[in-house]
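A short write-up of the structure that comes next.
Proteins come first, then strands; the chains are lettered A, B, ... in the order of their sequence lines, and each starts at number 1.
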Amino acid sequence: MSQVRVRFAPSPTGFFHIGSARTALFNWLYARHTGGVFILRIEDTDKERNSEQFLKVIYDSLRWLGLNWDEGPQVGGAFGPYRQSERAAVYAEYLEKLKAAGRTYEKDGATWFKLMGERYEAYDEHRKKTVTKVKVAPTVIEDRIRGRVERVEDEDFVIVRSDGNPVFHFVNVVDDIAMRITHVIRGEDHLSNTSKHVELFKAFGAPVPAFAHIPLILKQNGPGKMSKRDQGALIEEYQKRGFLAEALVNFLCLLGWNPKDDREKMAIADVIALFDLPGVNQSNARFDEKKLAHMNMVYLLALPTERFAALAKAYFQTHAAGAAVLADEAYFREIMLLAQPKIKGMEELPAYTAYFFTEDFAIDPKVKDKIMVKGEPKVRLGELIAALATMEVSSDTAIEEAIKALATSRSLGFGDYQAVARLALSGTNAGPSITAMIRVLGRERATARLAKFLAGA
RNA sequence: GUCCCCAUCGUCUAGCCCGGUCAGGACGUCUCCCUUUCACGGAGAUAACCGGGGUUCGAAUCCCCGUGGGGACACCA
């Protein structure tokens, strides 16, 4: 069989959303699995609604996700141009073929595609008007995911608007023919358009590609499919929020497809090896941000520390707080290493590490109330300050030994110092070990924080 | 309204095609363990075959009908 050629054909009329990303991903996976060609085609025939800004978002998002295209804008290819707005000549040529075959007619200034069959009038309940229908045999769609689907396509439809611009159904099919597309993998919302498309392929005398309609992603709360306005719908959003692209891609792979065993975290190469169209689910899937967050954490934990530090740096740079935090690179790196095993996502980073970068951090009043009533926290603090003056602070173990020795000398445990020291050092009750905090903060700053807290308590 | 698609824990899903499993995994939630806080991790608990009819010795699995969910019905894509 000849080489597989698939295309992702977004239209730049809004931000790039998660359903589109998954459609792109499944096309890409299928191309990579079969050694085929993944084509990016921009469907920008609606001049009113398209924008260059959205086009850039599509390119950026695909690149971020790692979905490189073999043919398309910016990379070229033998079947270009790949933006429909630049393909007017191709459409004119194909329109002539259809006209020559007697499959078109003009009405109200527009060009219509003519179905073959006996015509009759019928009242349409939905559109509240009488329409002309055609007696036709059902169109058969052989879908690689759903099997055989039959649908009656019994009304002529517009292929070129009265303003001269060709419409989606027409250009979509023409380009699929011209670009030698072998498999059309797209959302299920297109399934009922497919009968129109099949009739067009047949009218052109062109081979009908294989279709594969993938299920839709439903919004996590409330009815309906996920739309661009829904929370968590935009790819760009995840990028901004510091999600790992690998994690998002892995999550998306599992929304509607699975390896048939218990694996969830999978290298993309393994997904490529296993991915196939019949393995795609037929039912819609509800988007679950908690599962995505978990996947992101799993990837974050597995990240080499240097890569994590680099990503953390990039995150701070794009989120205002930047300059002050990044002033001392080595210091910043130390803190990121402490934070990596503790956080679920990059978004938690600024709040989680804030007290390392300022002496002006807030003391959580609730935590304070809890800690200051147990034992003799002030006495413990005084002892710790004294011990800090002479203890070795170059390593976590040295600090731990010193505090343990102090505790033993008072017949106490490490824990008797831990909570109050943490509160004084960070203002909270959650975070890295206090030994690491003291080491990174250094003797002077640690001592100063303990003393300041003691004075205020 | 018409047409099309779909239906297993709250969610993502395995199992269905080729009927016989305590209906498996993961997220979430809860409990316990680990522990120097918080996380991570470990152990456990929770929870599902939409309903009704068939077919069959036997149905989550095959068939039909309901119901429910989703999608499409533009000179948008």
What I want to check is whether an N or O donor and acceptor connect the side chain of [X] with the base of [N] at under 3.5 Å.
X      : N      : answer
A/N193 : B/rA77 : yes
A/S162 : B/rC75 : yes
A/K342 : B/rC38 : yes
A/R422 : B/rU37 : yes

A/K290 side-chain proximity, nearest of B/rU37, B/rC27, B/rC75: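 Of the options given, the side chain of A/K290 lies nearest B/rC27.
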A/S11, nearest nucleotide to its side chain (from B/rG1, B/rC38, B/rA77):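 My answer, after comparing the listed nucleotides, is B/rA77.
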Presence of [X] side-chain N/O under 4.0 Å of [N] phosphate oxygens OP1/OP2:
X      : N      : result
A/K344 : B/rG28 : yes
A/R146 : B/rC4  : no
A/N258 : B/rU13 : no
A/K260 : B/rG15 : yes

Sugar-phosphate only, base, or nothing, as touched by A/T45 at under 4.0 Å among non-hydrogen atoms: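 Sugar-phosphate, backbone atoms only, no base.
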Touch class at under 4.0 angstrom, heavy-atom based, for A/E150 against every strand present: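 Here A/E150 touches the backbone only, sparing every base.
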Side-chain donor-acceptor pair present, A/D288, A/Q220, cut-off under 3.5 Å: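 No.
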Side-chain heavy atoms of A/T435 within contact of A/F414, under 4.5 Å: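 Yes, side chains in contact.
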Value rounded to 0.5 Å, distance of CZ in A/F453 from CG in A/L423: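 It is 4.0 Å, given to the nearest 0.5 Å.
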Interatomic distance, A/D156 atom CG to A/K133 atom NZ [nearest 0.5 angstrom]: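 A/D156 atom CG to A/K133 atom NZ measures 11.0 Å (nearest 0.5 Å).
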Integer-rounded Å distance: B/rC27 C1' and A/D262 CG: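 Atom CG in A/D262 sits about 14 Å away from atom C1' in B/rC27.
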Watson-Crick or G-U wobble partner of B/rC40, both distances under 3.5 Å: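 Pairing partner: none.
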